[in-house]
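Input: a single structure, listed below in structure tokens.
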Amino acid sequence: MAVIADPEAAQGFRLAGLEAYPAASPEEARARLEELVQAGRYALVAVDQGLLPEPEKAVERLMRGKDLPVLLPIAGLKEAFQNPDVEGYMRELVRRTIGFDIKL
């Protein structure tokens, strides 16, 4: 699993043991996502939706004929903490992406 997020959040993901790539702008996030898709090293790439609201569309051409990686838009720090039900929010994101509910 890899995560693309703003530099502050990326550091937090790294501290949690995940591969995290910082991006300060949507253009930087798109370039990083393209690199990760082309490298083919990850089954799941989570992308801060504040940087790229629809990561699938950002790399649609590169994903043709590929099942992996699964692209998961996640809330950035600001969006996540404005939602009172953070766990439910994340569960719904995963359900929409992979097609079934999991208990976090």
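- Leu33 is not connected to Leu44 by any chain of hydrophobic side-chain contacts under 4.5 Å among Ile, Leu, Val, Met, Phe, Trp and Tyr, and they are in different clusters.
- Looking at residues two or more places apart in sequence or on another chain, you find a side-chain contact (heavy atoms from CB on, under 4.5 Å) between Glu35 and Arg32.
- In this view, Arg41 and Glu19, Tyr21, Ala39 satisfy the side-chain contact (heavy atoms from CB on, under 4.5 Å) rule, not counting sequence neighbours.
- The shortest non-hydrogen separation linking Ala9 to Ala5 is CB-CB, 3.8 Å.
- The two atoms that bring Pro73 and Pro53 nearest to each other are CB-O, 4.2 Å, heavy atoms only.
- Considering only heavy atoms from C-beta on, Pro69 comes within 4.5 Å of Met63 through its side chain.
- Taken together through direct or relayed side-chain contacts under 4.5 Å among Ile, Leu, Val, Met, Phe, Trp and Tyr, Leu68 and Leu72 form part of one hydrophobic cluster.
- Across all their heavy atoms, Ile4 and Ala23 have their closest contact at CG2-CB, 4.1 Å.
- Taking each heavy atom of Ala20 and Ala10 in turn, the nearest pair found is CB-O, 3.3 Å.
- Side-chain contact between Arg61 and Arg64 is present, with heavy atoms from C-beta onward closer than 4.5 Å.
- Taken together through direct or relayed side-chain contacts under 4.5 Å among Ile, Leu, Val, Met, Phe, Trp and Tyr, Val47 and Met1 form parts of separate hydrophobic clusters.
- In this structure the side chain of Val45 never reaches within 4.5 angstrom of the side chain of Val37, judged on heavy atoms.
- Under the 4.5 Å side-chain criterion, counting only non-hydrogen atoms from C-beta, Leu52 is not in contact with Leu71.
- The distance from the CD atom of Gln38 to the NZ atom of Lys66 is 7.0 Å, given to the nearest 0.5 Å.
- Across all non-hydrogen atoms, the minimal contact from Pro22 to Arg14 is CD-NH2, 3.1 Å.
- Note: the hydrophobic cluster containing Ile74 also contains Val70 (ILVMFWY, side chain heavy atoms under 4.5 Å, direct or indirect links).
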